Engineer: 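I have a structure I would like to understand better, so I am pasting it below and will then ask my questions one at a time.
From a predicted model like this one, the values you see are computed outputs, not experimental measurements.
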Amino acid sequence: MSLGYAEKLSFIEDVGQVGMAEFFDPSHVLQCKIEELAKLIQKSKHLVVFTGAGISTSCGIPDFRGPKGIWTLQREGKDLPKASLPFHRAMPSMTHMALVELERAGILKFVISQNVDGLHLRSGIPREKLSELHGDSFMEMCPSCGAEYLRDFEVETIGLKETSRRCSVEKCGAKLKDTVLDWEDALPPKEIDPAEKHCKMADLVLCLGTSLQITPACNLPLKCLRGGGKIVIVNLQKTPKDKKANVVIHGLVDKVVAGVMESLNMKIPSYVRIDLFQIILTQSLSGDQRFINWTLRVASVHGLTSQLPFIESIEVSFSDNQNYKDAVLDKQPFLMKRRTARNETFDIFFKVNYSDGCDCVSTQLSLPFEFKVSTEEHEEIIDKEAVLQSLREKAVEESSCGHSDVVERRAVSEPKSEAVVYATVTSLRTYHSQQSLLANGELKWKLEGSGTSRKRSRTGKRKSKALEEESKA
């Protein structure tokens, strides 16, 4: 989980049980349980997966309650763990991508997540098949029209507070809010209602990497029991719901899921991270109409004032026959101004240098410069999804990053400007099942280029009557 998120939460004395002992099933027992789980999934007609922080630790995101969890170390007075890469560059784990494949195959019907890292969405789980109970650190929502905005940067606030941006839906324009809950915030009906519905429909609820301590979320898997559903828990620590489960597996989530996918003869898909940015060229005639004053800006697609967290710097150069001075833009906003003769035409070249956490070093782009007086505004029709899919396929086929293409191009007459939106492959992960399991059980990545209370309780002591009765069922 993001260390920033943990620091933003309101202070509470009791965060529940932490520093819990970890257990590992013997290898032969683990293999038997993996095969049993694979058979349950194969027979399932309505599989629901319930996830916690344990599925993201292999992504370099610390958990809360483990031996090296954030709250464990805080209670012991030790320094907090350091993330292995920036939070906004965290990549989905093998487990995240296996769930994507199960969903594409029609086996997985719904995912319920307690995590705020946004990795289920980034991995490719459809939004309509996902409940992010506690919010998403990269998501903003419009409280007026309900529009959602997934960002490439971590939203600055938590607690459903207003952010600095507004809704871009026509005739709306309301101030946006973050989506991450603080301790006393109620679970949003938009998230909890479909989660409850699918748990009641489920014939199998698979709990992955969760201590099942936070109420009321931890009681959701139990809702499948009354309809004859089964529960499987995969976690290194014991949980309060173990006695309700049909199978309890103590093992690394990635290792278990990799074994299940192999038993099902299913391949775990690669993850391709594509980021967007725009180059905006604004031009105007000088007072004597002899020169062109122009401004070049490389900006976020989320707004001119938003940061581009994945870009370190931009080197700008010009055609060989031009005498213009090259520039290195190493501070945001990335902006430069020039004056040229009115009749000049030339090419502008860009070397986009990516920041830490990206798998590629840089991308080379070019943009033609030619001033034409025009009163027309237009937008080029580009099949964005087709372009993105082509970039993904090329990245996987060539096992490389850095590929770019245009996904949007528009021109505005006043002030005269052209904006080109580029999509670029900045990271790639391919996953292998048992072949990548090391002797110590760790995984190796191949790196290529109802009327119940809905407030969260951290200890599980506060339960609504309805949920108490269900947990005793």
Engineer: A quick test of your reading: do over 12 heavy atoms of other residues, nucleotides or ligands sit less than 6.0 Å from CD of E170?
Structural biologist: no

Engineer: Assess whether salt bridge (charged side-chain N to carboxylate O under 4.0 Å, His left out) is satisfied between K267 and E101, documenting all intermediate values.
Structural biologist: CA-CA 8 Å; K267 182 180 178 181; E101 185 64 16; over 6 Å; no

Engineer: Can R127 and E191 be counted as an ion pair, charged N to O under 4.0 angstrom?
Structural biologist: yes

Engineer: Residues in ring-ring contact (aromatic ring centres under 6.0 Å, His included) with F277, at least two apart?
Structural biologist: Y422

Engineer: Hey, are K190 and E132 close enough for a salt bridge, meaning a charged N less than 4.0 Å from a carboxylate O?
Structural biologist: no

Engineer: Does D25 come within less than 4.0 Å of K33, counting only side-chain N to carboxylate O?
Structural biologist: yes

Engineer: Please work out whether the ring planes of H46 and H198 are parallel, tilted or perpendicular, with thresholds of 30° and 60°.
Structural biologist: parallel

Engineer: Could you tell me whether R429 and D359 make a salt bridge, using a distance below 4.0 angstrom between a side-chain N and a carboxylate O?
Structural biologist: yes

Engineer: Should E380 and R410 count as an ion pair when the cut-off is N to O under 4.0 Å?
Structural biologist: no

Engineer: Using side chain to side chain donor-acceptor pair (under 3.5 Å) as the criterion, list what pairs up with H88, not counting sequence neighbours.
Structural biologist: none

Engineer: With distance as the sole test, does D178 use its side chain to make a donor-acceptor pair with the main-chain N or O of K161 at under 3.5 Å?
Structural biologist: yes

Engineer: Is the closest side-chain heavy-atom distance between H302 and F153 below 4.5 Å?
Structural biologist: yes

Engineer: Would you call R409-E418 a salt bridge at under 4.0 Å N-O?
Structural biologist: yes

Engineer: With a 4.0 Å cut-off on N to O distance, would you call K244 and D242 a salt bridge?
Structural biologist: no

Engineer: More than 12 heavy atoms of other residues, nucleotides or ligands under 6.0 Å from NZ of K39: is that the case?
Structural biologist: no

Engineer: So which heavy atom on L236 is nearest to which on H250, and how close?
Structural biologist: O-ND1, 3.7 Å

Engineer: Is it true that R165 and E140 make a salt bridge, defined as a side-chain N closer than 4.0 Å to a carboxylate O?
Structural biologist: yes

Engineer: Could you tell me whether a side-chain N or O of T424 sits under 3.5 Å from a main-chain N or O of T426, the two making a donor and an acceptor?
Structural biologist: no

